[in-house]
Amino acid sequence: QVQLVESGGGLVQPGGSLRLSCVVSGAIFRLYVMGWYRQAPGKQRELVAQITGGGSTNDPDSVKGRFTISRDNPQNTVYLQMNSLKPVATAVYYCHATPGHYWGKGPLVTVSS
């Protein structure tokens, strides 16, 4: 059974940084495309960043240059480094793995002074 366990959420001030981690078990990690999604209150879940097993990344313009996704295949872990955080980044951040569409439970990230 594939399981995703995230860590690293919390409260951060505007302009600050935070790193999220997601450890995957029950899967051949390098074969999975990993992604981070977020869902703000009252809004739809949206893609934040995605990375293939070989390390190719995809991220939308809204976070380009500020958020960086990376992965450590031997450690079965994917990371999301978030810099220059803005209050609009406040959301629950979900780790995602595909094929199979597996989701973590999602840590809350709150950007506020």
Side-chain angles (χ1 to χ4, degrees):
Q1 184 178 0
V2 179
Q3 291 187 322
L4 285 64
V5 179
E6 303 108 327
S7 61
L11 174 65
V12 61
Q13 292 189 340
S17 298
L18 207 59
R19 188 175 82 158
L20 304 180
S21 301
C22 173
V23 178
V24 179
S25 60
I28 304 175
F29 182 69
R30 60 182 170 80
L31 299 182
Y32 283 73
V33 176
M34 300 300 301
W36 288 96
Y37 289 72
R38 67 185 178 188
Q39 188 166 18
K43 294 189 176 181
Q44 290 187 331
R45 193 172 297 189
E46 63 177 357
L47 174 69
V48 176
Q50 199 172 50
I51 187 168
T52 68
S56 296
T57 62
N58 171 41
D59 47 271
D61 290 341
S62 60
V63 302
K64 200 176 292 289
R66 296 187 300 112
F67 290 12
T68 303
I69 189 170
S70 61
R71 65 191 293 162
D72 184 338
N73 284 345
Q75 296 296 322
N76 285 15
T77 304
V78 62
Y79 303 98
L80 182 68
Q81 178 67 42
M82 302 184 289
N83 299 327
S84 302
L85 281 162
K86 305 175 182 179
V88 294
T90 295
V92 177
Y93 283 71
Y94 297 93
C95 183
H96 176 261
T98 194
H101 292 295
Y102 300 97
W103 294 94
K105 293 185 177 181
L108 174 64
V109 172
T110 302
V111 184
S112 175
S113 56

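Numbering of residues begins at 1 and proceeds along the displayed sequence.
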[X] side chain vs [Y] backbone, donor-acceptor pair below 3.5 Å:
X   : Y    : value
T77 : Q75  : yes
E6  : P107 : no
R71 : T52  : yes
T90 : V111 : yes
R66 : S84  : yes

Applied to residues 24-65, the disulfide (SG to SG under 2.5 Å) test, sequence neighbours excluded, yields none
CZ (F67) and CG (L85) are apart, to the nearest 0.5 Å, by 5.0 Å
If you round to the nearest 0.5 Å, how far is OG1 of T68 from OH of Y79? 14.0 Å
Given the rule that I, L, V, M, F, W and Y join up when any side-chain heavy atoms are under 4.5 Å apart, are V109 and L47 in one cluster? no
Is Y37 reachable from V78 through a run of hydrophobic residues whose side-chain heavy atoms are each under 4.5 Å from the next? no
If every non-hydrogen atom of Y32 is compared with every non-hydrogen atom of A97, which pair is closest and at what distance? CD2-CB, 3.9 Å
Restricting to non-hydrogen atoms, name the atom on A27 and the atom on N76 that form the minimum distance, rounded to 0.1 Å. O-ND2, 4.2 Å
With sequence neighbours left out, which residue pairs that include part of residues 91-107 fulfil the side-chain hydrogen bond (donor to acceptor under 3.5 Å, both in side chains) condition? R38-Y93, H96-H101
Using the side chain to side chain donor-acceptor pair (under 3.5 Å) criterion, which residues pair with D59? Sequence neighbours excluded. K64
Contact list for residues 8-18, test salt bridge (charged side-chain N to carboxylate O under 4.0 Å, His left out), sequence neighbours left out: none
Could you give the side-chain donor-acceptor pairs of residues 14-26 under 3.5 Å, partners two or more places apart or in another chain?
unit_1: S17; atom_1: OG; unit_2: N83; atom_2: OD1; d: 2.9

The test is side chain to side chain contact (heavy atoms under 4.5 Å, CB included); show your working for M34 and L4 and say whether it passes. CA-CA 10 Å; M34 300 300 301; L4 285 64; 4.3 Å; yes
Mind checking side chain to side chain contact (heavy atoms under 4.5 Å, CB included) for L31 and listing every partner two or more places apart, or none if nothing turns up? I28
